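Every chain is numbered from 1, with letters handed out A, B, ... down the list of sequences. Being a predicted model, the structure only gives us computed values, none of them experimental.
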There are 2 protein chains.
Amino acid sequence: MNNSVKSTSEPTLTDKFQRGNVLASGCPSRGVLQDVTSRWGVLVLFALLRGTHRFSELRKSITGVSEKMLSQTLHALEADGFVLRTAHPVIPPHVDYSLTESGREVAKRVEELVNWIEVNINPILNARDKYTQRYR
Amino acid sequence: MNNSVKSTSEPTLTDKFQRGNVLASGCPSRGVLQDVTSRWGVLVLFALLRGTHRFSELRKSITGVSEKMLSQTLHALEADGFVLRTAHPVIPPHVDYSLTESGREVAKRVEELVNWIEVNINPILNARDKYTQRYR
DNA sequence: CAGCATCCGGTTCGATACTG
DNA sequence: CAGTATCGAACCGGATGCTG
């Protein structure tokens, strides 16, 4: 749910009001960035770009995510206005998650990043292998 | 430095070889994605897009990062082939960090994401306030 | 089904001290 | 200057049990 700055080193006064510069620790964009680029946040946005999904569907499609983390991630993204949660009052409960307008905008950018990495994964892995060989 | 999969739930056999799908836990792209979207990874890439920098310069410009985390982040990005480390053999030591060709490619995509968030930070923050008011 | 509350082990992180 | 080593503290994340 991300409560302000997590760093224990107090942001300076200048930082605190330095909006518009992520490199400054007080910049509120850092918090949002954290939600979006969090381990599961990226994958949730990526998954929801392919359409509306229920909680259990997301849980299945995003392999490895726990119930708790998925829930937490969805809440954070909902709070930021990126994800829309729609609960249908039926029994058993049925809840749908989809992207909002701004959610689609961020998700598109996340997707571009993810896609680039997937396309170029082999050269990257090779680089990594070379690196570990040299410095092991 | 990211060693393969971190999730404790064992990836299934199908996962393990399911390349080309980040949503599967065995996909190697997830690891790279973690390096790139890590708390400080994003900011380092963003900063280096503005040119070559020394260790201490990065430490100063990226407010709040500790020496240890900066070092760790730079190593991970170097291993993935995104960052080039150039040590000049002088005393006192002088080390430059810059982006590689592929580093610039990822960084550009990271930048687009960051920029979008910065531009739209106010509506997002408002959404968050509304949310916390409603559910506090 | 969708999810919160709680516990708890492992990892990460930051501050500090130290080295080449 | 550019790091590594070390050590608590904080946090993450999974498992379990329970609710509507």
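- The side chain of B:S71 places an N or O atom within less than 4.0 Å of a non-bridging phosphate oxygen (OP1 or OP2) of D:dT4.
- Between the P atom of C:dG3 and the CG atom of A:L74 lies a distance of 8 Å, rounded to the nearest Å.
- Applying the side chain to side chain donor-acceptor pair (under 3.5 Å) test to A:E105 and every residue at least two apart in sequence or in another chain returns A:K108, A:R109.
- Remark: A:D96 engages A:H94 in a side chain to side chain donor-acceptor pair (under 3.5 Å) (not counting sequence neighbours).
- The side chain to side chain contact (heavy atoms under 4.5 Å, CB included) check on B:V119 picks up nothing, with sequence neighbours excluded.
- Rounded to whole Å, atom C1' of C:dT12 lies 13 Å from atom CD of A:Q34.
- Looking at A:E67, its side chain comes within 3.5 Å of the base of C:dC4 through a donor and an acceptor atom.
- Note on B:R39: every side-chain N or O is 4.0 Å or more away from OP1 and OP2 of C:dC13.
- Rounding to the nearest 0.5 angstrom, the gap separating the CG atom in A:L70 from the OH atom in A:Y97 is 7.5 Å.
- Separating the NZ atom of B:K68 from the C1' atom of D:dA2 is a distance of 17 Å, rounded to the nearest angstrom.
- A:L49 pairs by the side chain to side chain contact (heavy atoms under 4.5 Å, CB included) definition with A:L99, A:R104, A:A107, A:E111, not counting sequence neighbours.
- Within the structure, salt bridge (Lys or Arg N to Asp or Glu O under 4.0 Å) contacts touching residues 59-72 of chain A (residues at least two apart or in different chains) do not occur.
- Listed for the B:E118 side chain is a donor-acceptor partner under 3.5 Å among the backbone atoms of A:N21.
- Listed in residue order, the members of residues 41-50 of chain B having a heavy atom less than 4.0 Å from DNA chain D come to none.
- Here the P atom of nucleotide C:dT12 and the CH2 atom of B:W40 are 16 Å apart, to the nearest Å.
- Between A:R54 and C:dC1 there is no side-chain polar atom (N or O) within less than 4.0 angstrom of OP1 or OP2.
- Legend: residues meeting side chain to side chain contact (heavy atoms under 4.5 Å, CB included) with B:S98, ordered by chain and number and at least two apart, are B:T52, B:L84.
- Taking 4.0 angstrom as the limit, A:R85 places a side-chain polar atom (N or O) nearer than this to OP1 or OP2 of C:dG3.
- Summarising the geometry, the separation between CZ on B:R59 and P on D:dT4 is reported as 13 Å, rounded to the nearest angstrom.
- Residue pairs satisfying the salt bridge (Lys or Arg N to Asp or Glu O under 4.0 Å) criterion with at least one member in residues 75-87 of chain B, sequence neighbours excluded, are listed as follows: A:R128-B:D80.
- At whole-Å resolution of the value, CG in B:L70 and P in D:dT4 are 11 Å apart.
- Every residue meeting the side chain to side chain contact (heavy atoms under 4.5 Å, CB included) condition with B:A47, not counting sequence neighbours, appears here in chain and number order: A:L23, B:L58, B:I62.
- For the pair A:M69 CE and C:dG10 C1', the computed distance is 14 Å after rounding to whole Å.
- Remark: side-chain polar atoms of B:T63 are not paired, donor with acceptor, to backbone N or O of A:G26 under 3.5 angstrom.
- Checked by atom type and distance alone, the side chain of A:R54 never pairs as donor or acceptor with a backbone atom of A:V95 at under 3.5 Å.
- For the helix from C:dC1-D:dG20 to C:dG20-D:dC1, the end axes, each set by the C1' atoms of five terminal pairs, are bent relative to each other by 50° (nearest 10°).
- The stretch residues 86-97 of chain A comes close to DNA chain C through A:P92, A:P93, A:V95, A:Y97, each having a heavy atom under 4.0 Å from the strand.
- Remark: A:H75 is not in phosphate contact with C:dG3, judged by side-chain N or O atoms under 4.0 Å from OP1 or OP2.
- The shortest distance between the side-chain N/O atoms of A:S56 and the OP1/OP2 oxygens of C:dA2 is below 4.0 Å.
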